[in-house]
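Notes follow once the structure below has been shown.
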Protein chains: 2
Amino acid sequence: MLEGWACRYKILPSGTRQIMAFLMPGDACDLHIKLLAEMDHSIQTLTPAMVATVSRADMQALMSGHPNVARAMYSAQLVDEGIMRAWIVSMGRRSSVERVAHLICELYLRARTIGLTGDDEFALPLSQLLLADALGMTAVHINRVLKELRLAGAMALARGSATILDPVKLIQIAGFNENYLHRRLRKAL
Amino acid sequence: MLEGWACRYKILPSGTRQIMAFLMPGDACDLHIKLLAEMDHSIQTLTPAMVATVSRADMQALMSGHPNVARAMYSAQLVDEGIMRAWIVSMGRRSSVERVAHLICELYLRARTIGLTGDDEFALPLSQLLLADALGMTAVHINRVLKELRLAGAMALARGSATILDPVKLIQIAGFNENYLHRRLRKAL
DNA sequence: CGGCACATTGATACCGATCAATCGGGGTGG
DNA sequence: CCACCCCGATTGATCGGTATCAATGTGCCG
């Protein structure tokens, strides 16, 4: 992804949707995906977006000719896996308020590391329905949770952008620990 | 993992535990984990186990000297990611009965591809508490769900082994689609 | 100006958590 | 060898958080 947002998702037989990941600029969709015979989920853009495609041959040449690039891509993939695990933890053991707060913390930090944040707000082009489908809840309930977080003075969400009103409080509500994003430098070789 | 079972897990400040993955023989814990500075979760064996460790240098030599091996490992990692996504879907959008059934389907198939299943049963060395922590539910509730599945004639779980009473019914309850495990052959190069 | 998607709020139902008690079996110490 | 104990399994009663159903508000776009 060069610009814009996208998401991975799956639709169940019952018609409900579950979003499994948000893709932001700098994220790679599928490094080795071509190794598998079949795609097991769908990907969709959420905003107008710009996407780069790299041919299998080019990618192979890049990876074998530039070990540092290869290493960076593997690191990125490890981070993505860490994010997925964090989502599993959220869905399994966090209440809805904690879940929402946690996701916002994550998205804020990810946006910040790619330079897409303002002082205490950032562009969040997600409808409440999308957030609900990402967090395993209902659009109605997400609305109530957002209201609660707003009244608590932790954060507010309005027309495509989120504002962090009180970072400390938000982090505390979420029980957020940023270590899984591995923003601190990777181990030197 | 050469023998035995293990799991990835995280403990929250509140003391609750969430299991994020089960590792069975043939699963690799951490291919490139050394690229990151810090581990963001814990791993624990669930049975007596045998584990192989490969030095960074050996691994690097193996991967660069044997492209087929490297490809196989990347495929395996992609499958692991697919499994994580399936867990996210389960936790987000499946009821507790569906979740339990889905996990059993997954574990049965994974056990079967490595030759660890009997005719319609397989060794499942997981207490109900462990299952609960993997599925984001309570041990009490998992017990009731298991009873329900047993009475429905779908599956039964007893002292370390699970029995599939009615595969079709179980798959139907779970809404299980095995494509995410990618057991069908990978694409030929 | 009309329509449509999204946001918001209220009332009610239900799934799964929680609290509590009992049971069963295998290992351990006396 | 037996009694005890402890952990995991099981069952019941109750509580609470989210889903569900329903209605209304609001802003954007054609």
Side-chain angles (χ1 to χ4, degrees), chain A residues 5 7 12 14-19 44 46-48 89-104 123-152 155-163 173 175, chain B residues 5 7 12 14-19 44 46-48 89-104 123-152 155-163 173 175:
Chain A
W5 286 52
C7 72
L12 297 189
S14 64
T16 60
R17 173 176 64 171
Q18 177 64 44
I19 291 173
Q44 185 180 55
L46 301 173
T47 67
V89 173
S90 270
M91 320 231 47
R93 292 297 184 206
R94 277 192 253 263
S95 74
S96 56
V97 192
E98 296 166 344
R99 257 204 317 273
V100 173
H102 200 276
L103 179 63
I104 297 299
L124 188 71
L126 306 175
S127 72
Q128 296 185 358
L129 183 60
L130 277 167
L131 285 173
D133 281 345
L135 294 168
M137 21 197 301
T138 299
V140 171
H141 192 58
I142 250 241
N143 184 280
R144 295 191 228 268
V145 168
L146 287 174
K147 181 179 181 183
E148 189 179 335
L149 287 168
R150 193 186 330 127
L151 294 182
M155 58 157 289
L157 195 152
R159 58 179 77 275
S161 87
T163 307
I173 291 174
Chain B
W5 286 52
C7 71
L12 297 189
S14 65
T16 59
R17 173 177 63 172
Q18 177 65 45
I19 291 173
Q44 185 179 53
L46 301 173
T47 67
V89 173
S90 270
M91 319 232 44
R93 291 297 184 207
R94 277 192 251 263
S95 73
S96 55
V97 191
E98 296 166 345
R99 260 209 309 277
V100 172
H102 199 276
L103 179 63
I104 297 299
L124 188 71
L126 305 176
S127 71
Q128 296 186 357
L129 183 59
L130 277 167
L131 285 173
D133 282 345
L135 293 169
M137 22 197 302
T138 299
V140 171
H141 193 58
I142 249 239
N143 184 280
R144 294 190 228 267
V145 168
L146 287 174
K147 182 179 179 181
E148 189 178 335
L149 287 169
R150 193 187 329 129
L151 294 182
M155 58 156 290
L157 195 153
R159 59 179 75 275
S161 87
T163 306
I173 292 173

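Bear in mind that the values here come from a model prediction, so they are computed numbers and not experimental data. The figures that follow rest on heavy atoms only: side chains count, while hydrogens, waters and symmetry mates do not. A note on names: the letters A, B, ... follow the listed sequences, proteins ahead of strands, and every chain is numbered from 1.
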[X] [atom1] to [N] [atom2], straight-line distance once rounded to whole Å:
X	N	atom1	atom2	answer
M91(A)	dT18(D)	CE	P	11 Å
I142(A)	dA7(C)	CD1	P	10 Å
H141(A)	dC21(D)	NE2	P	17 Å
N143(B)	dT22(C)	CG	C1'	13 Å
M137(B)	dA9(D)	CE	P	13 Å
E148(B)	dC15(C)	CD	P	10 Å
R93(B)	dC15(C)	CZ	C1'	15 Å
L146(A)	dT9(C)	CG	C1'	14 Å

Does [X] put a side-chain nitrogen or oxygen below 4.0 Å from OP1 or OP2 of [N]?
X	N	value
R99(B)	dG16(C)	no
K147(B)	dT11(D)	yes
Q128(B)	dC7(D)	no

At under 4.0 Å between heavy atoms, what does [X] touch on the DNA or RNA strands: base, sugar-phosphate, or nothing?
X	result
T138(B)	base
R144(A)	base
G136(A)	sugar-phosphate

Practice problem: Quickly, which of L157(B), V145(B), N143(B), V100(B) forms a side-chain contact (heavy atoms from CB on, under 4.5 Å) with L131(B)? Name it, please. | Solution: L157(B)
Quiz item: Of the nucleotides dT10(D), dC21(D), dT18(D), which one has an atom closest to the side chain of S96(A)?
Solution: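 Looking only at side-chain atoms, S96(A) lies closest to dT18(D).
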Self-check item: Among dA7(C), dT18(D), dG26(C), the one nearest S95(A) by side-chain distance
Solution: dT18(D)
Quiz item: What's the shortest heavy-atom distance between E98(A) and I173(A), and which atoms?
Solution: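 Scanning both residues, the minimum pair turns out to be CG-O, 3.4 Å.
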Quiz item: Would you find a donor on one side and an acceptor on the other, under 3.5 Å apart, between the side chain of R99(B) and the backbone of R93(B)?
Solution: no
Quiz item: Just by modelled atom types, is the D133(B) backbone N or O under 3.5 Å from a matching donor or acceptor in the Q18(B) side chain?
Solution: yes
Quiz item: About how many Å separate NE2 of H141(B) and CD of Q128(B), when rounded to the nearest 0.5 Å?
Solution: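 Separation between the atoms: 12.0 Å.
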